[in-house]
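Side-chain atoms are counted along with the backbone in the values below, which use heavy atoms only and exclude waters and symmetry mates. What you see is a predicted model, and the numbers here were worked out from it, not measured in a lab.
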Amino acid sequence: TILTLTVSARLEQDEEEEGSPADSGAQVGGKARPRTSFGIAAVITICGLVLLVAGSDMFVRGGRGIAAEVGMSERMLGLTVISLGCALPELIGSLVAASRGHSALAIGSVIGSNLLNVFLVLGITAYLEPIELSQPMHAVELIGLVAITLLGILTLRGARKITRGEGALLVAAYIAFVVTSSLL
């Protein structure tokens with residue numbers, strides 16, 4: 001967050017030095033967005049982080065409550081409801097990027113998010129509080145993770161284009177993974 005604010009402030013200074021009018025901002029939807037001061041941006045960022053933490057806590061508590069009501073294990077809750085809730089913002093962002101012709105942004109978002117989740121999120125979480133699984137991870141989940149990753153790599157081969165059929169195959173693979181995990 002601090003890095004984003006710093007880079008944004010430097011980019012604005014560079015634009016002003018190049019002769020851009022100081023009162024115009026970034027183009028959003030064809031309309032100029034007024035510039036925001038660093039202080040206001042910092043306050044908005046801090047408020048967003050506080051709301052994100054509070055919302056995440058409520059989301060996890062609510063998910064656990066619903067899972068307890070319907071008799072769903074925490075493992076299945078994480079594989080379905082929680083993962084879907086975490087992926088929805090990324091899904092919407094990728095859909096918008098792809099619909100506007102920025103397919104590289106959509107692919108980069110998916111790959112970057114997966115790398116971030118596996119290495120940074122899991123790593124920091126384990127560093128702060130060692131993770132103990134109450135039940136051993138099923139082989140089907142490990143095999144599914146590797147298989148779906150390889151399937152994703154195969155769809156980006158050659159022409160580096162994912163067709164509708166390949167997209168449907170990826171969605172079907174996820175559904176098959178969840179169904180298989182729920183049965184075992």
Side-chain angles (χ1 to χ4, degrees), residues 1-9 26 28-29 33 36-100 102-138 140-149 152 167 170-171 173-182 184:
T1 304
I2 294 171
L3 178 64
T4 302
L5 292 172
T6 304
V7 169
S8 175
V28 178
R33 180 178 48 91
T36 306
S37 73
F38 181 80
I40 292 173
V43 168
I44 290 171
T45 300
I46 291 169
C47 288
L49 287 172
V50 168
L51 291 172
L52 179 66
V53 169
S56 298
D57 184 57
M58 289 172 30
F59 181 67
V60 170
R61 286 177 193 230
R64 290 180 82 186
I66 291 170
E69 288 289 322
V70 298
M72 180 186 283
S73 71
E74 285 193 1
R75 179 178 64 78
M76 281 309 297
L77 176 69
L79 286 172
T80 55
V81 178
I82 301 295
S83 63
L84 182 63
C86 293
L88 278 177
E90 181 183 346
L91 174 63
I92 300 302
S94 293
L95 286 172
V96 169
S99 70
R100 293 185 179 172
H102 302 290
S103 57
L105 181 62
I107 296 294
S109 172
V110 169
I111 292 171
S113 174
N114 287 323
L115 289 172
L116 186 90
N117 282 330
V118 170
F119 296 112
L120 188 64
V121 173
L122 193 58
I124 288 175
T125 303
Y127 177 77
L128 295 175
E129 183 71 32
I131 299 172
E132 293 182 30
L133 298 175
S134 58
Q135 58 189 19
M137 183 173 247
H138 294 286
V140 70
E141 287 147 354
L142 292 174
I143 292 169
L145 176 66
V146 171
I148 289 176
T149 301
L170 290 170
V171 171
Y174 173 73
I175 292 169
F177 168 74
V178 170
V179 169
T180 305
S181 291
S182 68
L184 299 176

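Taking all atoms of both residues into account, the shortest heavy-atom contact from Ile82 to Phe59 is CD1-CE2, 3.6 Å. Between Ser182 and Met76, the shortest heavy-atom contact is CB-CE, 3.5 Å. Between Ser99 and Val96, the shortest heavy-atom distance links the atoms OG-O, 2.9 Å. Taking every heavy atom of both residues into account, Ala173 and Ile148 meet most closely at O-CD1, 3.8 Å. When all heavy atoms of Leu77 and Gly63 are compared, the pair lying nearest together is CD1-O, 3.4 Å.
Taking OG1 of Thr125 as the reference point, atom CG of Leu120 lies at 8.5 Å (rounded to 0.5 Å). Separating the CG atom in Leu95 from the CG atom in Leu88 is a distance of 10.0 Å, to the nearest 0.5 Å. The OG atom of Ser113 sits 11.0 Å away from atom CG of Leu91, with the distance rounded to the nearest 0.5 Å. Atom OH of Tyr174 is separated from atom OG1 of Thr80 by 6.5 Å, given to the nearest 0.5 angstrom. Between the CD atom of Glu90 and the CG atom of Asn117 there is a distance of 7.5 Å, given to the nearest 0.5 Å. Distance CG/Leu49 to OG1/Thr45: 7.0 Å, rounded to 0.5 Å.
For Arg61, the side-chain hydrogen bond (donor to acceptor under 3.5 Å, both in side chains) partners two or more places apart in sequence, or in a different chain, are Asp57.
Counting only heavy atoms from C-beta outward, the side chains of Phe177 and Leu145 never approach each other to under 4.5 Å.
Note on residues 63-73: pairs passing salt bridge (Lys or Arg N to Asp or Glu O under 4.0 Å), not counting sequence neighbours, are Arg64-Glu74.
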Just distance, no hydrogens or angles: give the donor-acceptor pairs under 3.5 Å from side chains in residues 105-112, sequence neighbours left out.
none

